There are 2 protein chains.
Amino acid sequence: MEKETAEILRKNHLSITDSRIKILELFKRKGNALAHADIEKQTHDLFDRVTIYRTLQTFAEKGIIHSIPTADNSVLYALCKDECSEGKHADNHVHFICDICETTYCLDHIMIPELQMPAGFKMKQAGLIVEGICKNCSAKK
Amino acid sequence: MEKETAEILRKNHLSITDSRIKILELFKRKGNALAHADIEKQTHDLFDRVTIYRTLQTFAEKGIIHSIPTADNSVLYALCKDECSEGKHADNHVHFICDICETTYCLDHIMIPELQMPAGFKMKQAGLIVEGICKNCSAKK
DNA sequence: AAATCTTTGCAACAAAGTTGCAAAATATAA
DNA sequence: TTATATTTTGCAACTTTGTTGCAAAGATTT
């Protein structure tokens with residue numbers, strides 16, 4: 001388990017440190033997107049605020065995680081699938097935000113359909129944010 | 001011109017004040033989405049920072065404007081079409097961000113196509129963020 | 001195991017957003 | 001129109017979020 005995680009870091013030419021291992025495993029354990037604040041809480045102030053910021057930044061640069069902008073002006077991060085790598089980042093997928101539990105999921109398997117743009121507008125990338133009720137919350141009813 | 005703007009405020013049961021008129025007209029004049037900072041600059045510090053925050057908040061609550069989350073963690077605001085009203089807000093439209101001039105447009109006329117959700121996920125609303133080159137910038141080449 | 005390079009934590013700072021409150025502006029009533 | 005009630009504004013203080021420089025600690029390389 002820790003070995004696997006370390007392997008990801010090695011592949012991306014990053015030193016293997018405590019904070020990187022712990023934060024990366026947190027992402028793996030939870031399946032959903034995490035905010036900076038979530039990580040701070042979940043790691044019980046084991047690491048400095050600044051370290052978490054820098055770790056997230058590094059991960060995002062390497063394409064290990066990607067950021068998801070949200071309506072309330074906070075950034076979430078989620079693990080990327082294998083396609084994402086440094087430089088070219090595949091953001092063409094769907095994010096789902098649950099109205100009830102507010103969890104954000106990264107729905108990797110759904111692709112964004114083709115779209116007709118107005119004259120003069122050239123589309124390069126697209127990100128879709130869906131709001132609704134997630135599988136956990138609809139099961140609870 | 002000012003009359004029309006005042007009418008919008010009246011319809012929404014808001015007192016007619018200088019800041020509200022000026023900020024609302026700014027949105028009308030520019031066609032695109034604006035950040036808090038843009039408004040501060042464009043009104044030449046005529047109003048306090050706090051007033052602008054509160055005005056935007058009020059407008060958003062009344063459905064006069066809507067907020068657009070962006071990748072760099074700043075919130076933009078844009079005028080709503082008539083369908084938007086307090087409570088139920090139609091966010092089912094497309095936002096276009098230009099790679100070159102960084103302007104954000106609200107493409108009201110394009111609808112988001114139907115989408116197959118994974119089992120258990122119920123979709124209520126969707127917002128699509130498209131990135132590319134806008135008509136101004138592709139014309140300049 | 002020593003030397004080199006990278007990462008971390010601290011402190012200080014900067015930017016963004018919020019809250020309480022008195023003064024000013026707007027709306028309502030007479 | 002004027003007086004009264006209500007709402008909004010601006011200020012100050014504060015909180016929250018994110019950034020930067022730098023010395024110490026940790027990881028990597030030889």
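In what follows, chains carry the letters A, B, and so on, assigned in the order in which the sequence lines appear, proteins first and then strands, with residues in each chain numbered from 1. This one's a predicted model, so the numbers in the text were calculated from it and none came from an experiment.
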Are [X] and [Y] packed together at the side-chain level, in the sense that at least one heavy-atom pair is separated by less than 4.5 angstrom?
{"X": "B:H36", "Y": "B:Y77", "value": "no"}
{"X": "A:L24", "Y": "A:L79", "value": "yes"}
{"X": "A:R49", "Y": "A:E40", "value": "yes"}

Rounded distance in Å - [atom1] ([X]) to [atom2] ([N]):
{"X": "A:H13", "N": "C:dC5", "atom1": "NE2", "atom2": "P", "answer": "18 Å"}
{"X": "A:D48", "N": "D:dT19", "atom1": "CG", "atom2": "P", "answer": "14 Å"}
{"X": "B:L9", "N": "D:dT7", "atom1": "CG", "atom2": "C1'", "answer": "14 Å"}
{"X": "A:D18", "N": "C:dG9", "atom1": "CG", "atom2": "P", "answer": "9 Å"}
{"X": "B:N12", "N": "C:dT26", "atom1": "CG", "atom2": "P", "answer": "18 Å"}
{"X": "B:K41", "N": "C:dA15", "atom1": "NZ", "atom2": "C1'", "answer": "13 Å"}
{"X": "B:L46", "N": "C:dA25", "atom1": "CG", "atom2": "P", "answer": "13 Å"}
{"X": "B:L14", "N": "C:dT28", "atom1": "CG", "atom2": "P", "answer": "12 Å"}

> Does A:R10 come within less than 4.0 Å of A:E7, counting only side-chain N to carboxylate O?
Replying inline: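 Answer for the salt bridge query: yes.
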
> Less than 6.0 Å separating the ring centroids of A:Y105 and B:F121?
Replying inline: yes

> Among D:dT8, D:dG18, C:dT8, which nucleotide sits nearest the side chain of A:S19?
Replying inline: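 The closest nucleotide is C:dT8.
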
> Of the candidate nucleotides C:dT7, D:dG18, D:dC11, which contains the atom at the shortest distance from the side chain of B:V50?
Replying inline: D:dC11

> Reckon B:T51 has a side-chain N or O less than 4.0 Å from the OP1 or OP2 of D:dT8?
Replying inline: no

> Are any of A:S15's side-chain N or O atoms less than 4.0 Å away from OP1 or OP2 of C:dT7?
Replying inline: yes

> Under 3.5 Å, is there an N or O donor on one side and an acceptor on the other linking the side chain of A:R49 and the base of D:dG18?
Replying inline: yes

> Quick one: the side chain of B:R54 and the base of C:dG17, do they pair up donor-acceptor inside 3.5 Å?
Replying inline: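 For B:R54, whose side chain was compared with the base of C:dG17, there is no donor-acceptor pair (under 3.5 Å).
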
>> Categorize B:R20 for me: base, sugar-phosphate, or nothing, with a 4.0 angstrom heavy-atom threshold over every strand shown.
In response: sugar-phosphate

